[in-house]
Engineer: 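What follows is a single structure, and I will ask about it in a moment.
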Amino acid sequence: MNVDKLMLQLEQKHPGEVEYLQAVREVLESIEDIYNQNPQFEAAGIIERIVEPDRILTFKIPWVDDSGKVNVNLGYRVQFNNAIGPYKGGLRFHPSVNLSGLKFLGFEQIFKNSLTTLPMGGGKGGSDFNPKGKSDAEVMRFCQAFMMELWRLIGPETDVPAGDIGVGGREIGFLYGMYRKLARENTGVLTGKGGTWGGSLVRPEATGFGNVYFAKEMLATKGETFEGKTVAISGFGNVAWGAALKATELGAKVVTMSGPDGYIYDPEGISGEKIDYMLELRASNNDIVKPYSYKFESGQFYEGKKPWEQKVDIALPCAIQNELNKEDAEMLVKNGCICVSEGANMPCTPEAIEVIQSNKLLYGPGKAANAGGVATSGLEMSQNSMKLSWSREEVDEKLHSIMCNIHEACVKYGKGTDGHVDYVKGANIAGFLKVANAMLDQGVI
Ligand code: NDP
Ligand code: 2IT
């Protein structure tokens, strides 16, 4: 394999798909050596097959808002690779959603799901619909219209969507209701479901918990822990919330969280009733970061800025792709940060990763560090298949052990001769090998 040549061909085939091309390049650069040492991969055209999705469904979603106006959004499902299990991955509802973004997320999901040790393929979907500021009734009508198209493509053994940005418990409920009506079956076709209708305990906080478990393992390789550390978190959605809870539980102080409009710095820590207040604001569908500074005196709002300018020991980017750039990374390094662990998908730009890695910080890439969410989705699928539910402790223990296994796999494939672990390389190689070997076993299809 020649990475530059392959990337040139892909750029010509998919011009302008910046995020997708960024994600593919990172994986190809990591696996180049191991791929070239195993000629059976080249002979079976594994790379050419793995970088293209199996299929993409695009559809229009007409829906009527509360004023009676007809709106039309675009919907997508990218079924990327199902060599090791049914397509699995979230749905994102956000105005920025386009095909390049979903192809990047679907591609990452293949390797992330492979790392979880569970049998799940990779997929992703979503819409450019913006749930922010919409009434519950509008969100319901939109979700129903979305599912009217999607339902024929998915199924508990075929493709199992879940949440992502803009898709939480409320949206999964509306989507599931419509699927159940159209398919006339009550099966585990979505994950992140409510506790009384097939959902798993711990799924809402699992991505954030998993990220902290992964960071904890990375810190342990340096004899460090969360105890007494300061932590910067970005976003305040599903992932950030879980990460804030777990980091606080492990003795750290979370001092930031953010939204697209700026961030809050609270040197006294964001925990307890402050987190409860944020959750209330979130449930009201409004901007949630600025009001925090009115409610709590210790919290200061920095308009238009990002949390990475604060002095912290650990950074957990949990909002959106490419939210931490080279200058942000340089600031973190300058301020003595020792660990960056990605709750979001691809939040660090390639230039930021270069800065973080060349300064030998601990760096957990999203496909490893945030795999706890989809892993717990996999556990929800297992419970649905068995028609049983596990206790909170059982699920959390399984999640914890999966994150430790992922960390071990990264160390196995990413440890250099100097003892330093390149978690990007480790995650990409471990995730890739399992899928590539399954594709070899199953022939050219
Ligand atoms: P949510 O919609 O629950 O939260 C997203 C958060 O990010 C919100 O607080 C949002 O603020 C904030 N945000 C959005 N855009 C920006 C921006 N440009 N700058 C700063 N903050 C921003 O999504 P999730 O928590 O589910 O997802 C967050 C990230 O984690 C995504 O990258 C997602 O792909 C990834 N992820 C999610 C998993 C899951 O299980 N949910 C699993 C693995 C990864 P506001 O609401 O004000 O717009
Ligand atoms: O990016 C992700 O891993 C998710 N949004 C979760 C996917 C899932 O199927 O639980």
Side-chain angles (χ1 to χ4, degrees), residues 19 85-97 101-102 104-113 115-116 118 120-126 130-133 159-172 188 190-193 200 202-211 233-244 256-264 278-279 281-282 284-291 304-308 316-324 342-348 366-381:
E19 292 148 322
Y87 303 106
K88 179 84 193 89
L91 296 171
R92 178 175 290 191
F93 292 171
H94 193 269
S96 67
V97 163
L102 294 179
F104 122 63
L105 289 160
F107 182 72
E108 289 282 288
Q109 201 82 45
I110 304 171
F111 309 103
K112 184 195 303 192
N113 292 3
L115 284 169
T116 66
L118 302 172
M120 296 182 288
K124 199 83 187 189
N130 186 2
K132 214 185 240 182
D159 183 351
V160 183
D164 192 79
I165 292 181
V167 178
R170 174 184 60 168
E171 290 75 17
I172 293 291
L190 293 160
T191 56
K193 299 186 290 297
S200 174
V202 192
R203 177 62 188 90
E205 51 277 68
T207 312
F209 276 22
N211 186 20
I233 292 184
S234 60
F236 201 79
N238 275 315
V239 178
W241 163 68
T256 72
M257 36 100 191
S258 70
D261 49 343
Y263 78 95
I264 288 286
M278 301 284 294
L279 291 176
L281 288 174
R282 246 170 79 76
S284 69
N285 247 3
N286 288 314
D287 283 339
I288 57 167
V289 173
K290 208 174 195 172
K305 295 285 182 69
K306 293 186 281 182
W308 321 125
L316 305 177
C318 294
I320 201 158
Q321 63 271 11
N322 292 329
E323 56 162 313
L324 197 162
E342 296 183 339
N345 285 306
M346 212 165 76
C348 296
K367 64 169 74 70
N370 74 37
V374 72
T376 309
S377 280
L379 299 176
E380 182 170 327
M381 289 164 72

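One-based numbering, in listed order, for ligands and for the atoms of each. All values reported here derive from a predicted model rather than from experimental measurement.
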Engineer: Identify the residue among K112, Q109, K367 that makes a side-chain hydrogen bond (donor to acceptor under 3.5 Å, both in side chains) with N345.
Structural biologist: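 Per the side-chain hydrogen bond (donor to acceptor under 3.5 Å, both in side chains) rule, the option paired with N345 is K112, out of K112, Q109, K367.
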
Engineer: Starting from atom 7 (C) of ligand 2, find the nearest protein heavy-atom neighbour and note its residue, name and distance.
Structural biologist: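 Going atom by atom, the protein heavy atom closest to atom 7 (C) of ligand 2 ends up being G90 N, 3.5 Å.
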
Engineer: Considering non-hydrogen atoms of the protein only, which is the closest contact for atom 2 (C) of ligand 2, and what is the distance?
Structural biologist: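 Of every protein heavy atom, K112 NZ, 3.3 Å lies nearest to atom 2 (C) of ligand 2.
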
Engineer: What's the shortest distance from atom 8 (C) of ligand 2 to any protein heavy atom, and which residue and atom give it?
Structural biologist: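 Going atom by atom, the protein heavy atom closest to atom 8 (C) of ligand 2 ends up being A162 CB, 3.4 Å.
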
Engineer: Measuring from the heavy atoms of M257, does anything fall under 4.0 Å of ligand 1?
Structural biologist: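 For ligand 1, residue contact (heavy atoms, under 4.0 Å) with M257 is absent.
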
Engineer: Please list, in number order, the atoms of ligand 1 under 4.0 Å from a heavy atom of A344.
Structural biologist: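 Those qualifying, in numeric order: 29 (C), 30 (O), 32 (O), 35 (C).
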
Engineer: Nearest non-hydrogen atom to atom 42 (C) of ligand 1 belongs to which of V167, D164, T207?
Structural biologist: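 Closest candidate by heavy-atom distance is T207.
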
Engineer: Answer yes or no for K132: is there a heavy-atom contact with ligand 1 below 4.0 Å?
Structural biologist: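 Per 4.0 Å heavy-atom rule, K132 contacts ligand 1.
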
Engineer: Under the criterion side chain to side chain contact (heavy atoms under 4.5 Å, CB included), which of N211, N370, T256, V239 is the partner of L316?
Structural biologist: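 Single pass found, and it is N211.
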
Engineer: Counting only heavy atoms closer than 4.0 Å, does ligand 2 sit against the backbone of Q109, its side chain, both, or neither?
Structural biologist: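 The part of Q109 near ligand 2 is the side chain, not the backbone.
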
Engineer: Please enumerate all residues that pass side chain to side chain donor-acceptor pair (under 3.5 Å) together with Q321, with sequence neighbours excluded.
Structural biologist: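 With sequence neighbours excluded, Q321 shows a side chain to side chain donor-acceptor pair (under 3.5 Å) to E19, R92, given in chain and number order.
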
Engineer: Could you tell me which atoms of ligand 2, counted from 1 in the order shown, lie closer than 4.0 angstrom to a heavy atom of K124?
Structural biologist: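 The list of qualifying atoms is 1 (O), 2 (C), 4 (C), 5 (N).
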
Engineer: Whether K306 and E323 form a salt bridge (side-chain N of Lys/Arg under 4.0 Å from carboxylate O of Asp/Glu) is what I want to check.
Structural biologist: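 Salt bridge between E323 and K306, a charged N being under 4.0 Å from a carboxylate O: no.
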
Engineer: Heavy-atom contact under 4.0 Å between G343 and ligand 1?
Structural biologist: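 Yes, G343 has heavy atoms under 4.0 Å from ligand 1.
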
Engineer: Per the side-chain hydrogen bond (donor to acceptor under 3.5 Å, both in side chains) rule, which among T116, T191, N113, T207 passes with S377?
Structural biologist: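 Among T116, T191, N113, T207, the one that satisfies the side-chain hydrogen bond (donor to acceptor under 3.5 Å, both in side chains) with S377 is T191.
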
Engineer: Under 3.5 Å, is there a donor-acceptor pair between the side chain of E205 and the main chain of W241?
Structural biologist: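 Here the side-chain-to-backbone pair does not exist.
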
Engineer: By number and element, which atoms of ligand 1 are closer than 4.0 Å to a non-hydrogen atom of N345?
Structural biologist: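 Listed by number with element: 32 (O), 33 (C), 34 (O), 35 (C), 36 (N), 44 (C).
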
Engineer: Would you check the N or O atoms of K124, main chain and side chain alike, for any that come under 3.5 Å of an N or O of ligand 1?
Structural biologist: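 By distance alone, the answer is no.
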
Engineer: Where's the contact between Q321 and ligand 1, heavy-atom distance under 4.0 Å: side chain, backbone, both or neither?
Structural biologist: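 Neither; nothing of Q321 gets under 4.0 Å from ligand 1.
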
Engineer: For ligand 1, does I165 get within less than 4.0 Å through its side chain, its backbone, both, or neither, judged by non-hydrogen atoms?
Structural biologist: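 Both parts.
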
Engineer: Are any of the N/O atoms in R203 less than 3.5 Å from those in ligand 2?
Structural biologist: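 Min N/O separation from ligand 2 is below 3.5 Å for R203.
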
Engineer: Of all the atoms in ligand 1, which lie at a distance below 4.0 Å from a heavy atom belonging to C318?
Structural biologist: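 Listed by number with element: 28 (C), 29 (C).
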
Engineer: Counting only heavy atoms closer than 4.0 Å, does ligand 1 sit against the backbone of R92, its side chain, both, or neither?
Structural biologist: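 Side chain only.
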
Engineer: Are any of the side-chain heavy atoms of K124 and D164 separated by less than 4.5 Å?
Structural biologist: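 Side chain of K124 against side chain of D164, heavy atoms only: contact under 4.5 Å found.
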
Engineer: Hey, could you give me the NZ/CG distance between K132 and N130, rounded to the nearest 0.5 Å?
Structural biologist: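 That separation rounds to 7.0 Å.
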
Engineer: So is G163 polar-close to ligand 2, meaning N/O to N/O under 3.5 Å?
Structural biologist: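 Yes - when backbone and side-chain N and O of G163 are compared with those of ligand 2, one distance drops under 3.5 Å.
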
Engineer: So, does G166 sit close enough to ligand 1 that a heavy atom of it is under 4.0 Å from the ligand?
Structural biologist: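 Yes, that is the case, since the closest heavy atom of the residue is under 4.0 Å from the ligand.
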
Engineer: Considering only non-hydrogen protein atoms, determine which one is nearest to atom 10 (O) of ligand 2 and report residue, atom name and distance to 0.1 Å.
Structural biologist: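 For atom 10 (O) of ligand 2, the nearest protein heavy atom comes out as S377 OG, 2.5 Å.
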
Engineer: Determine whether the side chain, the backbone, both or neither of N345 has a heavy atom under 4.0 Å from any heavy atom of ligand 2.
Structural biologist: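 Answer for N345: side chain.
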
Engineer: What residue and heavy atom of the protein are closest to atom 9 (O) of ligand 2, and at what distance?
Structural biologist: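 Minimum-distance protein heavy atom for atom 9 (O) of ligand 2 reads K88 NZ, 2.6 Å.
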
Engineer: Among S377, G237, G89, which residue places a heavy atom closest to atom 4 (O) of ligand 1?
Structural biologist: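 Heavy atom nearest to atom 4 (O) of ligand 1 belongs to G237.
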
Engineer: Supply the atom-to-atom distance L281 CG to F236 CZ, rounded to the nearest 0.5 angstrom.
Structural biologist: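 Answer for the CG-CZ pair, L281 versus F236, is 10.0 Å.
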
Engineer: Please classify the R203 to ligand 1 contact at 4.0 Å (heavy-atom distances, strictly less than): side chain, backbone, both or neither.
Structural biologist: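 The answer is the side chain.
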
